[in-house]
Amino acid sequence: VLSGRGFAFRRKQKIERQYRKLLKKRREVHSQQQDQFADTYPEHLKHLYLAEEEKLKKRRRTPDDSVSSEEKLNKAADGRLCCGYVCLMVLSVSRTCAFSPRSVGTQEKFKNKTSNQKAKEEYENIKAEHARKKEEAEKRKQQREEAQRLYKKKKMEAFKILSKKTKKGQPNLNLQVEFLLQKIQQNT
């Protein structure tokens, strides 16, 4: 390696190459953007597009305007393609495709949600789902508690009947037989 041509020199060359690449990409992007907005109509349909464009210009023009709205917008945009012209093209294309402009607009409203709106909707849906699940769990818990309470009540009544004793301390078989008879009658 010659003196002054170490790692710093190679790093400098690398940075210069990256910079030249970046400049080259920027030139390509600018040229693509200019080509993208150029009016390129098919030759056999060009007269139809231009006629439709003129009709739309006349409809949008007010009586006191001496300059068309497209020219004003073009002046404001310094020669670049502006939104008004794009809107005119969308209207002309939508009419040739037999779509109403309203339906296109409403579809775009529903389609174009910001990520924040999507996140809020998703959060609300999850929150509602959690609330619904919590409510269902609460209902199931109350039903389970009610069933347990009834079960314990019946069990206690049966225990009282079956645990009764005679004066001498013997189990009262008459009450036990009556209890079994009632149980059989309820099941049938």
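Numbers here simply count residues along the sequence, with the first being 1.
Note on E54 versus K57: salt bridge recorded, some NZ/NE/NH1/NH2 to OD/OE distance being below 4.0 Å.
Listed by chain and number, the residues in a salt bridge (Lys or Arg N to Asp or Glu O under 4.0 Å) with E122 amount to none (sequence neighbours excluded). Contacts of E124 classified as salt bridge (Lys or Arg N to Asp or Glu O under 4.0 Å), with partners at least two apart in sequence or in another chain: none. Every residue meeting the side chain to side chain contact (heavy atoms under 4.5 Å, CB included) condition with E136, not counting sequence neighbours, appears here in chain and number order: R132, R140. Scanning for side chain to side chain contact (heavy atoms under 4.5 Å, CB included) contacts around K24 gives E28, with sequence neighbours left out. Considering only residues two or more places apart in sequence or on other chains, N125 meets the side chain to side chain contact (heavy atoms under 4.5 Å, CB included) condition with none of them.
To the nearest 0.5 Å, the span separating CD on Q18 from CZ on R20 amounts to 10.5 Å. In this structure, the separation between CZ on R27 and CG on L22 is 10.0 Å, given to the nearest 0.5 Å. Distance CG/L180 to CG/L162: 7.0 Å, rounded to 0.5 Å. From H130, atom NE2 reaches atom NZ of K133 across 7.0 Å, with rounding to the nearest 0.5 Å.
Among E157, M156, K155, the single residue meeting the side-chain contact (heavy atoms from CB on, under 4.5 Å) criterion with K153 is E157.
Side-chain contact between E121 and Q117: absent, with no pair of heavy atoms (C-beta onward) separated by less than 4.5 Å. Between E146 and Q143, every side-chain heavy-atom pair lies at or beyond the 4.5 Å cut-off.
Closest heavy-atom contact between K118 and K113: CE-O, 3.6 Å.
Here side chain to side chain donor-acceptor pair (under 3.5 Å) pairs that include residues 167-188, with residues two or more places apart or in two chains, number zero.
Atom NZ of K165 sits in a crowded spot, with more than 12 heavy atoms from other residues, nucleotides or ligands closer than 6.0 Å.
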